[in-house]
Amino acid sequence: MKIHEYQAKEIFSKYGIPVERHTLCRTAACVVAAFRTIGTDKVVIKAQVLTGGRGKAGGVKVVDNMEDAYQEAKNILGMSIKGLPVNQVLVSEAIDIAAEYYVGFTIDRNTRSVVLMMSASGGMDIEEVARRTPEKIIRYSIDPFIGLPDYLARHFAFSLFPQMEQAGRMAVILQELYKVFIENDASLVEVNPLALTAKGTLIAIDAKIVFDDNALYRHPGIQALSDLTEEEKVEANAKDKGFSYVHMDGNIGCMVNGAGLAMATMDMIKLHGGNPANFLDIGGSSNPLKVVEAMKLLLQDEKVKVVLINIFGGITRCDDVAMGLIQAFDMIKSDIPVIVRLTGTNENIGRELLRNHSRFQIATTMKEAALMALKS
Ligand code: GDP
Ligand code: MN
């Protein structure tokens, strides 16, 4: 789960990591008022959306007068960045930046540990730096049993800041960022840029934290920060019902038992020139209520014009599945064509049951099912 910059900065503050004074605003009038309250000559207005690259998209502006503050705020609040509408902006005191550094903790699967990454070439072009001059990014694996004691934090800090005073400050920031990472079960904690100010202090200008979804149950406070897009809400809702659902752009709704079979179904549709509307694994069992819920989920998407149900009856027998489907579709009010491909234990009995029910078109192979879906 991602959180917004302003939320990440609140967490940083709790850990004593320096961030600028700031206010969150939803209107241009609020931005102007915030400018007055902050009281500096310049402020930065930053779009709060759950994606990077805001600066390059025009979502970060430094302003030094009220008129510009109002205009830029209006501008940014009206834009979308990578498809995400900007509803909130952060207004911060503008920092006099002498240099921009990159610092981040993430998980390195190769070394099976947390890795610290740092660079003196931080800022908006860090991806380019990583691609073209990877040697400019320093990496240290953190031993989980040792963590980041003072001597190591200082050692790492010195590789970026040769000067004692700054290295000392950096060492503390590294330790606190690592604490943020571990204590909150994060998968990424990133500061880009970490700014060196004209006065020689260090300050987190940007803040990014991604949390491990599987550990969110341990952090109700963090879970409450979640700000889902409409599409993510549908997916989260599906997860609560025990489904694994991913929305896609096509028009063939898929309802499948098993993740592997669900992917194979999508492949088969694609292979024959169609486009799946979703990935949906409803899991095992012949419970008709599950099918009813799954149909509701598929029909929420107005693009769906046909539904392909692909079920392998192994432990759950096909005759049971067929009965479940018949009961379910007695409860579902929709005329959308439904193609069923049912195979496995007792498949002949199952298919016979479905054939007696006008609601279903029956396919025996996956290819046949995909072609039928394409024709409807
Ligand atoms: P991102 O593009 O989404 O990563 O947004 P950032 O918060 O990192 O901002 C992008 C860039 O805006 C930074 O790399 C800085 O160069 C610049 N910037 C942000 N805040 C300030 C500030 O307070 N003062 C100055 N001078 N530049 C800033
Ligand atoms: Mn940034």
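Keep in mind that this is a model prediction, so the values were computed, not measured. In each ligand, atom 1 is the first atom listed, and ligand 1 is the first ligand listed.
Considering backbone and side-chain atoms together, I97 places no N or O closer than 3.5 Å to any N or O of ligand 1. Among the atoms of E5, none of the N or O lies under 3.5 angstrom from an N or O of ligand 1. Geometrically, ligand 1 and E20 share no nitrogen or oxygen pair separated by less than 3.5 Å. For the pair R54 and ligand 1, the shortest N or O to N or O distance falls below 3.5 Å. Considering backbone and side-chain atoms alike, G123 places every N or O at 3.5 Å or more from each N or O of ligand 1.
A salt bridge between E10 and K14 is absent, with no side-chain N of the basic residue lying under 4.0 Å from a carboxylate O of the acidic one. The pair R317-D319 meets the salt-bridge criterion, with a side-chain N (NZ, NE, NH1 or NH2) lying under 4.0 Å from an Asp/Glu carboxylate O. Classification of K239 and E235 as a salt-bridged pair fails, no side-chain N sitting under 4.0 Å from a carboxylate O. Taking a cutoff of 4.0 Å between a charged side-chain nitrogen and a carboxylate oxygen, R351 and E347 qualify as a salt bridge. Between E368 and R341, none of the side-chain N atoms (NZ, or NE/NH1/NH2) sits under 4.0 Å from a carboxylate O, so this pair counts as no salt bridge. Looking at K42 and E93, no side-chain N of the basic residue comes within less than 4.0 Å of a carboxylate O on the acidic one, giving no salt bridge. At a threshold of 4.0 Å, the pair R54-D206 counts as salt-bridged, since one of the basic side-chain nitrogens sits closer than that to a carboxylate oxygen. Using a 4.0 Å cut-off between a side-chain N of Lys or Arg and a carboxylate O of Asp or Glu, E128 and R131 qualify as a salt bridge. Salt bridge annotation for D125-R132: absent, with no cationic side-chain nitrogen under 4.0 angstrom from a carboxylate oxygen.
The shortest contact between atom 2 (O) of ligand 1 and any protein heavy atom is with G55 N, 2.8 Å. Residue, atom and distance of the protein heavy atom nearest to atom 12 (O) of ligand 1 are V60 CG1, 3.6 Å. Closest protein heavy atom to atom 7 (O) of ligand 1: K46 NZ, 2.6 Å.
Looking at K136, its side chain never comes within 3.5 Å of a backbone N or O of A120 through a donor-acceptor pair. Not one N or O on the side chain of K2 forms a donor-acceptor pair closer than 3.5 Å with the backbone of D227.
Partner P18 forms a side-chain contact (heavy atoms from CB on, under 4.5 Å) with one of T201, V172, I173 and no other, that one being I173.
Heavy-atom proximity to atom 4 (O) of ligand 1, evaluated over I81, V44, D206, is greatest for D206. Taking only non-hydrogen atoms, the option from E93, K42, E100 nearest to atom 16 (O) of ligand 1 is E100. Around atom 10 (C) of ligand 1, the closest heavy atom drawn from E190, M124, K61 belongs to M124. Counting heavy atoms only, I95 comes closest to atom 26 (N) of ligand 1 of the residues T51, I95, T40, V62.
The part of N192 lying near ligand 1 is the backbone, judged by heavy-atom distances below 4.0 Å.
Of all atoms in ligand 1, listed by their number and element, those nearer than 4.0 Å to a heavy atom of G53 are 2 (O), 3 (O). Each of the following atoms of ligand 1 lies closer than 4.0 Å to a heavy atom of A94: 23 (O). Using a 4.0 Å cut-off to heavy atoms of I205, the atoms of ligand 1 that qualify are 19 (C), 20 (N). Short contacts between ligand 1 and P193, defined as distances under 4.0 Å to a heavy atom of the residue, involve ligand atoms 8 (O), 13 (C), 14 (O).
At a threshold of 4.5 Å between non-hydrogen side-chain atoms, the residues M117 and I138 do not count as touching.
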- Task: Evaluate the criterion side chain to side chain donor-acceptor pair (under 3.5 Å) for residue pair E100 and N192; output intermediate values, then yes/no.
- Result: CA-CA 8 Å; E100 299 193 6; N192 183 36; over 6 Å; no
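Under the 4.0 Å distance rule, the nearest protein heavy atom to atom 19 (C) of ligand 1 falls inside the cut-off.
Around the Mn ion (ligand 2), protein N, O or S atoms at less than 2.8 Å number 2.
For the ring pair (Phe, Tyr, Trp, His ring centres under 6.0 Å) test, residues two or more places apart in sequence or in another chain that qualify with F161 are Y101.
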